[in-house]
Amino acid sequence: MLLNDGSHDTIVFLATEKTSTHKSKNMTIFPELFFVSLKAQAGNLPSFRSAKTKKGQKARAGADGAAGPASATGGTGGAAGSVEGSQRPLPQAVKLSTGLVLSVIGGVGQTLAWPKFGLWPLTFVCLVFLWRALFGQTFKRAFLMGWVYGLALGLSGFYWLAEVMAGYGGLGAVGGFLVLLILAAFLALHQGLWAGLMAAYSTRIPPLDSRLLGVPMLGAFLWAGFDYLKNFLLTGFNWTPLAGGLSGSLEFIGAADLIGVYGLNFPVALIGLLLAQTLTLWAWPKIAWSSAISALLLAGILYGYGYYRLSHFDQTLKSAPSLNKTVAILQASVPQDEKWDVNFRDKILSRFTLLLENAVQQSPWLVIWPETAVPFIYGLDPIETAWMDETVKNFPRPMLVGLASGDYDPDGTLKLHNRSWLVSEAKVLGSYDKSHLVPFGEYVPLADILPFLKWPFLQGVLGAAGTYSPGRPRPPLILDGVQIGQLICFESIFPYLARARANAGAKRLVVTTNDAWFGLTMAPDQHLAQSVMRAVETRLPLVRGANNGISAVINPAGRLLNRSVQNEITTLAWPVQIPQNPEKTLFTRGGHFLAPFMGLLTAMFCLFKYFRRRHVAAGRDLWSRKTKRTTYEL
């Protein structure tokens with residue numbers, strides 16, 4: 001029964017009482033229970049649910065009959081007819097076409113939050129569009145809208161992949177676009193599944209359970225979980241995670257040193273969903289205001305913690321014991337279409353010789369070459385290998401040199417590695433082989449299982465460098481007692497790899513990369529933003545050396561102390577402050593454990609609220625068998 005006292009609506013749950021006798025004891029049971037569902041229906045009229053008994057079905061039919069005339073005549077039409085339909089209507093589910101448009105806007109908005117555009121506040125509102133699209137939809141429609149959101153995110157976020165495949169993979173414009181489309185469509189499945197599950201969850205439980213924090217918290221947990229899985233699925237390719245779009249605001253990403261970027265997805269998604277709930281349920285002031293205040297409080301906590309950490313590092317870097325070491329980064333800006341062309345080898349080697357002459361004038365502690373800097377395979381091309389040996393022998397400062405290197409197994413099998421050599425005074429101090437290779441860029445995944453992957457047009461994607469083999473885990477490189485954690489190119493997008501370097505004792509991180517593949521797209525800026533996140537997660541200084549940019553020096557707070565101009569031929573020299581005893585962040589110690597832990601608590605909370613509400617609605621408290629009259633105020 002629904003009562004209206006004129007000032008606010010009150011839902012009163014009443015049960016039909018029956019008495020039965022069992023072992024001479026009377027027991028009161030309530031087989032028929034009616035409650036008002038605020039789920040949007042045709043005409044915004046409330047629906048009634050009852051137990052599947054003849055008496056309950058008759059009562060339900062009577063209730064629907066009382067509501068029906070009110071809808072047709074516009075009058076009151078009984079107790080239920082004067083309810084939410086005329087005073088506080090829920091928003092109707094949008095049309096399919098409208099929902100798809102909203103999904104595209106949300107997906108593109110998540111991309112625009114990343115550099116180059118840098119509209120990072122969109123990170124908090126992109127889910128608002130998706131939530132409005134799937135509100136009140138069926139599982140299938142919601143899945144489609146979520147999938148379209150992910151597809152728009154992929155096509156706009158790494159559109160440059162089509163250019164890479166077309167220009168350097170030999171697939172042509174059509175083939176390159178098809179590769180992009182297939183990858184984006186596959187990665188979008190997780191957004192589709194998320195949207196479908198959220199639509200199903202929010203329509204299957206009593207609506208009062210899904211209002212304040214239940215649905216947004218569960219939605220944020222699922223989003224963080226699905227995004228985390230993309231870090232590993234099919235070797236992992238999660239180029240634009242939700243929280244990564246906040247890299248333009250060091251205050252908001254400060255909490256990454258606690259829970260990592262994938263853990264940070266949880267509060268970021270929660271803020272977005274709370275804002276979505278505020279706008280969707282604006283007709284219910286209590287719910288809307290509670291959601292808005294919760295979103296603002298959570299955003300304030302994130303910002304406040306980040307601000308505190310920035311201030312802390314500004315003070316700590318001034319007073320804590322540290323080493324000031326100047327690094328010089330060689331940015332040769334060799335175009336990708338020239339790099340492996342033998343006609344340009346002399347030109348490229350001469351350019352590096354000039355950059356080394358500029359670097360030695362800075363008296364650097366370390367000179368950093370980019371990934372696979374020179375156009376030959378060290379150890380297999382004798383003339384160029386001799387040039388490299390002579391250069392190392394005559395250069396007076398230590399160098400970290402990126403080379404494609406070839407080794408032979410005991411059985412005579414040639415293995416190519418994407419390798420960095422740490423050399424000083426003609427001595428090799430250590431080396432690191434790239435362990436997480438780029439699928440279809442440095443190797444073909446599952447090629448031994450799926451023979452068609454060895455077809456010539458796919459092999460063309462690999463380019464002149466051939467197929468690489470992953471390296472084995474190795475300890476950090478050591479120079480003058482300073483441990484260096486090395487990441488090569490694609491590895492910098494994976495938090496667990498940077499965390500492993502920090503746990504192994506690294507006091508600074510070095511990222512070497514060749515971003516010439518990306519041209520003038522937004523990919524180099526996105527790739528740099530990933531390095532900023534790795535510095536914040538580990539709170540270690542990070543030096544990034546890129547063939548054509550963007551080379552940069554990043555401090556533990558995530559600040560860019562210096563950066564190069566893209567496609568500039570330059571030697572970037574800058575002092576790096578290396579803490580002698582860097583603190584190990586919570587993320588470094590525990591990884592992403594905090595996000596699943598919060599997600600487990602969230603799931604337990606939602607289940608508890610769901611079952612408790614059902615017990616209360618049935619006239620029983622969860623903790624006792626006492627019957628009672630339960631009233632909810634909207």
Side-chain angles (χ1 to χ4, degrees), residues 104 107-108 110-118 150-188 230 234-241 244-245 331-341 344 370-372 375 418 437-445 453 455-468 488-493 513-531 544 546-551 564-568:
V104 170
V108 174
Q110 184 173 334
T111 295
L112 294 178
W114 282 74
K116 278 182 171 176
F117 299 98
L151 184 65
L153 171 63
L155 294 179
S156 61
F158 44 91
Y159 67 92
W160 42 264
L161 183 62
E163 298 183 23
V164 172
M165 293 298 180
Y168 304 114
L171 301 183
V174 176
F177 178 76
L178 286 177
V179 170
L180 169 64
L181 183 61
I182 293 172
L183 180 61
F186 174 76
L187 295 177
K230 288 172 66 176
L234 291 182
T235 76
F237 183 77
N238 195 2
W239 188 259
T240 52
Q331 182 172 306
S333 295
V334 178
Q336 189 61 33
D337 54 0
E338 297 180 5
K339 185 171 184 178
W340 294 101
D341 190 335
F344 292 94
E371 174 195 19
T372 56
N418 190 338
L437 303 177
V438 181
F440 298 105
E442 293 171 317
Y443 81 109
V444 178
L453 293 176
W455 289 353
F457 86 95
L458 283 176
Q459 292 295 318
V461 177
L462 301 179
T467 301
Y468 288 94
I488 299 179
C489 190
F490 187 56
E491 294 180 326
S492 64
I493 78 170
T513 184
N514 173 31
D515 287 352
W517 301 92
F518 304 140
L520 295 176
T521 66
M522 62 188 299
D525 296 271
Q526 294 172 327
H527 207 182
L528 174 62
Q530 302 274 11
S531 294
R544 187 175 192 270
N547 169 36
N548 69 318
I550 303 169
S551 303
S564 67
V565 177
Q566 193 174 356
N567 293 325
E568 177 186 17

Original post:
Can you list the steps and then say if Leu151 with Val104 is a side chain to side chain contact (heavy atoms under 4.5 Å, CB included)?
Top reply: CA-CA 8 Å; Leu151 184 65; Val104 170; over 6 Å; no

**OP:** Apply the test side chain to side chain contact (heavy atoms under 4.5 Å, CB included) to residues Met165 and Leu183: give CA-CA distance (whole Å), side-chain angles for both, the deciding distance (0.1 Å), then the verdict.
**Re:** CA-CA 12 Å; Met165 293 298 180; Leu183 180 61; over 6 Å; no

Original post:
Applying the side-chain contact (heavy atoms from CB on, under 4.5 Å) test to Trp517, which of Val164, Asn547, Leu161 qualifies?
Top reply: Val164

Non-hydrogen atoms of [X] and [Y] that approach each other most closely:
{"X": "Ala188", "Y": "Gly150", "answer": "CB-C, 3.4 Å"}
{"X": "Ser564", "Y": "Gly549", "answer": "OG-CA, 4.0 Å"}
{"X": "Asp525", "Y": "Pro115", "answer": "CB-CB, 3.7 Å"}

Could you measure the distance from the [atom1] atom of [X] to the [atom2] atom of [Y]? Nearest 0.5 Å is fine.
{"X": "Leu155", "Y": "Phe158", "atom1": "CG", "atom2": "CZ", "answer": "7.5 Å"}
{"X": "Glu491", "Y": "Glu371", "atom1": "CD", "atom2": "CD", "answer": "9.0 Å"}
{"X": "Trp239", "Y": "Ile493", "atom1": "CH2", "atom2": "CD1", "answer": "6.0 Å"}
{"X": "Tyr159", "Y": "Thr111", "atom1": "OH", "atom2": "OG1", "answer": "10.0 Å"}
{"X": "Leu528", "Y": "Ile550", "atom1": "CG", "atom2": "CD1", "answer": "5.5 Å"}
{"X": "Thr240", "Y": "Gln530", "atom1": "OG1", "atom2": "CD", "answer": "8.5 Å"}

Subject >> Listed partners of Phe518 passing ring-ring contact (aromatic ring centres under 6.0 Å, His included), at least two apart >> reply: Trp160

Return yes if some donor-acceptor pair links the side-chain N/O of [X] with the main-chain N/O of [Y] below 3.5 Å, else return no.
{"X": "Thr513", "Y": "Ala546", "result": "no"}
{"X": "Ser492", "Y": "Ser531", "result": "no"}
{"X": "Gln331", "Y": "Val565", "result": "yes"}
{"X": "Lys339", "Y": "Thr372", "result": "yes"}

Can you find a heavy atom in the side chain of [X] that is under 4.5 Å from one in the side chain of [Y]?
{"X": "Lys230", "Y": "Leu187", "value": "yes"}
{"X": "Asn567", "Y": "Leu520", "value": "yes"}
{"X": "Gln110", "Y": "Ser156", "value": "no"}

Original post:
Does a donor on one side chain sit under 3.5 Å from an acceptor on the other, for Asn514 and Gln336?
Top reply: yes

